[in-house]
Protein chains: 4
Amino acid sequence: MGRVRVPEQHEGKRKEILDAAHRCFLRYGLQGASISMICKEAGMSPGHLYHYFPSKDAIIEQMADEYLSTLHTYFGRQETGDVATVLLSEIWSMSSWDDTAHCRILFELLAEAGRNDRVRDILADNTAGVRKLLAQTLRAGQAKGEVDRGLDPEHTAAMLIAIVDAAPMLPLMVPGIGFDESRKLMTAMVRRFLEPKAAEQS
Amino acid sequence: MGRVRVPEQHEGKRKEILDAAHRCFLRYGLQGASISMICKEAGMSPGHLYHYFPSKDAIIEQMADEYLSTLHTYFGRQETGDVATVLLSEIWSMSSWDDTAHCRILFELLAEAGRNDRVRDILADNTAGVRKLLAQTLRAGQAKGEVDRGLDPEHTAAMLIAIVDAAPMLPLMVPGIGFDESRKLMTAMVRRFLEPKAAEQS
Amino acid sequence: MGRVRVPEQHEGKRKEILDAAHRCFLRYGLQGASISMICKEAGMSPGHLYHYFPSKDAIIEQMADEYLSTLHTYFGRQETGDVATVLLSEIWSMSSWDDTAHCRILFELLAEAGRNDRVRDILADNTAGVRKLLAQTLRAGQAKGEVDRGLDPEHTAAMLIAIVDAAPMLPLMVPGIGFDESRKLMTAMVRRFLEPKAAEQS
Amino acid sequence: MGRVRVPEQHEGKRKEILDAAHRCFLRYGLQGASISMICKEAGMSPGHLYHYFPSKDAIIEQMADEYLSTLHTYFGRQETGDVATVLLSEIWSMSSWDDTAHCRILFELLAEAGRNDRVRDILADNTAGVRKLLAQTLRAGQAKGEVDRGLDPEHTAAMLIAIVDAAPMLPLMVPGIGFDESRKLMTAMVRRFLEPKAAEQS
DNA sequence: TATGAATGAGGGTTCATTCAT
DNA sequence: GATGAATGAACCCTCATTCAT
């Protein structure tokens with residue numbers, strides 16, 4: 001009796017739209033990408049697109065949510081070794097990070113977050129989870145004497161995220177620098193930042 | 001006879017427009033701010049505005065140039081003391097940096113730089129000058145033994161700029177954190193990053 | 001074998017749709033109410049709705065027909081007493097008339113009738129029946145000497161309908177006036193209008 | 001220094017737009033007439049139209065205001081003779097009233113007033129002025145014994161306006177009836193309504 | 001210099017309607 | 001009978017830009 005609504009198909013279409021939107025946002029920016037562009041990219045009419053999303057803002061928000069959660073999920077995986085190594089290996093294992101283009105959208109979101117409360121909340125929510133995990137790891141490191149005990153774990157975790165998110169700036173600002181260079185520098189920086197001072201080690 | 005072109009007056013008007021544009025871009029984003037908004041903000045008709053700038057892009061580009069050069073000029077002033085202190089005091093003396101809103105435009109520019117070659121060049125050019133100055137300072141610090149000799153001055157300088165530019169992310173991502181906190185953390189981080197390792201000091 | 005078409009069920013569905021449409025037209029106007037609104041109100045998919053009506057216009061037309069016939073049917077019931085009393089009691093017994101909102105749709109239809117020939121015909125057809133009944137009553141009243149013999153029954157009947165249909169205007173135009181007030185005034189007006197002049201009565 | 005803003009020219013353009021809008025609203029209804037239609041009718045681009053009016057609603061509202069004030073202004077002119085004659089001569093002197101098409105828009109406005117508060121206020125405001133004048137005339141008539149003293153002047157005035165505004169219904173509902181017929185009927189009706197009862201005349 | 005009139009393409013969104021299932 | 005996917009034209013409105021004065 002009638003065509004049955006297939007939730008997976010519905011979600012599939014939503015995903016297609018989000019992917020198309022992501023590509024367009026990447027090329028033209030959040031405001032520069034138009035609905036009709038996204039429709040063309042997704043091979044879909046505007047009326048149909050609005051069957052799946054109520055507004056462009058809704059698309060941006062969900063895209064932001066998924067993008068950030070994917071981006072930051074890498075932090076969560078537990079590995080062994082000294083704390084700094086664990087942290088950094090996790091950080092650099094973010095697959096999309098080796099593609100300058102793919103992470104460029106972060107700046108769009110940061111810019112948007114300055115104006116759009118919903119996007120700011122999404123950013124904050126997504127960061128919060130990662131921050132907790134990082135803070136835990138840092139506390140464990142402090143217990144083992146691998147991380148300076150003078151650092152506030154919560155704030156330090158926030159700082160680390162900001163630093164990592166700042167990484168894609170370098171290739172933009174300095175044409176000559178590559179990803180490996182900036183990664184090595186970042187690694188060194190974080191390692192030195194975390195390690196206990198000589199005085200404490202005794 | 002006839003009206004003489006007064007270059008200073010001309011430049012004055014351009015400055016007014018750029019200021020108005022800056023305020024609008026801040027509130028609505030580079031793409032969200034319209035020419036008519038800027039006209040209203042500058043108390044000027046569109047026809048008149050186009051007498052001073054050939055296009056909106058030209059306004060954005062010049063605004064970016066002035067904004068970035070102002071932002072980074074603070075690096076250039078020479079002071080005394082150990083290198084880290086000098087660097088950091090310069091960094092934090094950036095007046096606009098204590099206002100979250102004022103530096104939000106940086107993200108707009110970074111986002112734009114990912115798409116717009118002209119803006120990327122402007123970003124690169126502006127950063128280049130500062131990088132050279134910072135690298136000089138770093139080299140001097142290495143000579144005096146205040147800065148780790150294992151660090152490449154050029155790359156480290158780039159890193160420092162990225163780090164500082166990343167600062168405004170924190171309040172966006174972590175609602176609780178203030179400017180003072182993030183500044184203290186950044187300061188500690190940079191100081192530890194730069195200082196020579198215990199082994200080297202001997 | 002196979003499903004048998006059940007005409008009553010079919011008509012039931014049509015009625016549901018018309019009722020839902022009526023509610024929507026009331027709230028948003030004939031043009032302001034959309035098919036998707038009506039579908040939601042009727043708890044029905046668009047495809048299904050189009051199984052019962054070929055177009056939105058068809059819905060409007062049938063709704064108009066039913067609405068007007070319901071509205072004017074009240075005129076038809078015969079009662080006893082002097083003609084004016086009969087007429088007026090019938091007029092005011094129109095149940096939906098005591099709700100400003102419910103009769104608002106009449107204006108929509110009158111406006112539409114000015115443009116849409118089909119709707120105009122529906123309006124004319126529905127009025128015609130009532131007019132005949134009223135004219136009969138008026139003629140009977142004239143025979144009994146209760147109604148002025150100088151009045152043309154046909155035209156007077158039309159006039160009366162217009163007057164009654166104009167009633168809902170008052171609350172719209174004069175915020176302070178209520179339904180009871182306007183009803184009393186109308187009653188007095190019609191009574192005076194119909195009654196024979198003193199000279200004639202002798 | 002620069003093209004001077006000529007207020008008359010500006011107002012002239014506004015008037016042109018309102019006239020074009022009026023014609024379109026007449027043909028297609030308030031909601032059925034689109035901005036692009038109005039633009040075409042006014043020989044103007046949409047961008048330019050929005051230079052003169054901030055929204056379609058603003059156009060509707062001003063059109064309503066001007067239309068109603070023109071329509072009702074005829075009531076205000078003082079003439080001599082018995083009150084009923086004065087009133088009716090004023091009423092029927094409404095020039096646009098002899099053109100069925102021209103007054104059809106009233107129904108659009110009444111329908112709109114049921115949903116749109118702004119339009120309702122405009123309707124109420126415009127009616128209020130006329131009501132006061134009519135009430136005055138009625139009171140004068142009562143003093144001279146030409147109008148029944150039992151009638152409340154305020155409410156009766158409202159009633160009269162409603163009746164007159166209802167006039168254009170007749171040709172819509174009864175195809176055979178012309179303007180002269182309906183006018184004669186209305187005149188007779190109002191005259192009988194107002195005149196003192198025989199008992200009072202003594 | 002300086003103004004505001006003027007353009008028309010394109011913005012996001014909704015529409016009545018059709019179709020495959 | 002009944003669903004929801006799918007369309008594309010049209011909706012109101014804003015845009016960067018040009019032009020006559």
Side-chain angles (χ1 to χ4, degrees), chain A residues 1-7 9-10 13 31-39 43-59, chain B residues 2-6 9-10 13 31-39 43-59, chain C residues 2-6 9-10 13 31-39 43-59, chain D residues 1-7 9-10 13 31-39 43-59:
Chain A
M1 213 202 278
R3 169 188 264 174
V4 182
R5 163 84 166 288
V6 183
Q9 221 173 67
H10 191 83
K13 278 284 176 192
Q31 313 195 59
S34 72
I35 287 286
S36 69
M37 278 173 183
I38 297 172
C39 286
M44 197 174 279
S45 65
H48 197 27
L49 184 144
Y50 277 85
H51 188 70
Y52 294 94
F53 288 92
S55 68
K56 188 184 175 186
D57 275 356
I59 297 178
Chain B
R3 187 165 286 165
V4 181
R5 164 80 168 284
V6 184
Q9 229 175 57
H10 192 80
K13 280 282 177 192
Q31 314 196 58
S34 71
I35 288 286
S36 72
M37 277 174 182
I38 296 171
C39 287
M44 197 174 280
S45 64
H48 198 26
L49 183 144
Y50 274 85
H51 183 73
Y52 291 95
F53 289 92
S55 69
K56 188 184 174 185
D57 276 354
I59 297 179
Chain C
R3 187 166 286 164
V4 181
R5 163 79 166 286
V6 184
Q9 229 175 57
H10 192 80
K13 280 283 178 191
Q31 315 196 56
S34 71
I35 288 285
S36 71
M37 277 174 182
I38 297 172
C39 286
M44 197 174 280
S45 65
H48 199 26
L49 184 144
Y50 274 85
H51 183 73
Y52 292 95
F53 288 93
S55 69
K56 187 184 174 184
D57 276 354
I59 297 179
Chain D
M1 214 203 276
R3 170 188 265 176
V4 182
R5 163 83 167 288
V6 183
Q9 221 173 68
H10 192 81
K13 279 282 176 191
Q31 313 194 59
S34 72
I35 287 286
S36 71
M37 278 173 182
I38 297 173
C39 286
M44 196 174 279
S45 65
H48 197 25
L49 183 144
Y50 278 85
H51 188 70
Y52 294 94
F53 288 93
S55 68
K56 188 185 175 184
D57 275 357
I59 297 179

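Quick note on labels: first sequence line is chain A, next is B, and so on, each numbered from 1. What you see below is based on every heavy atom in this structure, not just the backbone, and it leaves out hydrogens, waters and symmetry mates.
- Phosphate proximity of dG8(E) to S45(D): absent, as no side-chain N or O sits under 4.0 Å from OP1 or OP2.
- Here CD1 of I59(B) is found 5.0 Å from CD1 of I38(B). Values are rounded to the nearest 0.5 Å.
- When all heavy atoms of C39(D) and P46(D) are compared, the pair lying nearest together is SG-CA, 3.4 Å.
- Between H48(A) and L49(C), the residue anchored nearer the 5' end of DNA chain F, judged by the nucleotide with its closest heavy atom, is L49(C).
- Within the 4.0 angstrom heavy-atom criterion, only backbone atoms of the sugar-phosphate kind lie near Y52(D); the bases stay farther away.
- Partners of Y50(A) by side-chain contact (heavy atoms from CB on, under 4.5 Å), not counting sequence neighbours, listed by chain and number: I35(A).
- The 5' end of DNA chain F is approached more closely, in terms of each residue's nearest nucleotide, by Q9(A) than by the other of K56(B) and Q9(A).
- Residue-to-nucleotide proximity on DNA chain E shows that, of S34(C) and G43(D), the 5′-proximal contact is made by G43(D).
- Taking only side-chain nitrogens and oxygens, H51(C) never comes nearer than 4.0 Å to OP1 or OP2 of dA2(F).
- Annotation: side-chain contact (heavy atoms from CB on, under 4.5 Å) contacts of S36(C) (sequence neighbours excluded): S34(C).
- Residue P46(A) places its side chain closer to dA9(F) than to any other of dA9(F), dC15(E), dT18(E).
- In this entry the distance linking CD1 of I38(B) with C1' of dT17(F) reads 13 Å, nearest Å.
- If you check every strand for non-hydrogen atoms under 4.0 Å, I35(C) touches a base.
- Atom CD in Q31(A) sits about 15 Å away from atom C1' in dA16(F), given to the nearest Å.
- Partners of H51(C) under the side-chain contact (heavy atoms from CB on, under 4.5 Å) rule, at least two apart in sequence or in another chain, are H48(C).
- Stem analysis of DNA chain E (at least three stacked-register Watson-Crick or G-U pairs, each with both distances under 3.5 Å) gives E:2-21 with F:2-21.
- The distance from atom CG of L49(B) to atom OG of S45(B), rounded to the nearest 0.5 Å, is 8.0 Å.
- Look at CD1 on I59(D): it is 14 Å from C1' on dC11(F), rounded to the nearest Å.
- Within 4.0 Å of A33(D), counting heavy atoms only, lie sugar-phosphate atoms of the nucleic acid but no base atom.
- Mapping M37(A) and G47(B) onto DNA chain E by nearest heavy atom places G47(B) closer to the 5' end of the strand.
- Between Y50(B) and dT17(F) there is a side-chain polar atom (N or O) within less than 4.0 angstrom of OP1 or OP2.
- When the P atom of dT13(E) is taken as reference, atom CE of M44(A) falls 16 Å away, rounded to whole Å.
- Residue S36(D) places none of its side-chain N or O atoms closer than 4.0 Å to OP1 or OP2 of dC12(F).
- Smallest separation of non-hydrogen atoms from K56(A) and Q31(A): NZ-O, 3.6 Å.
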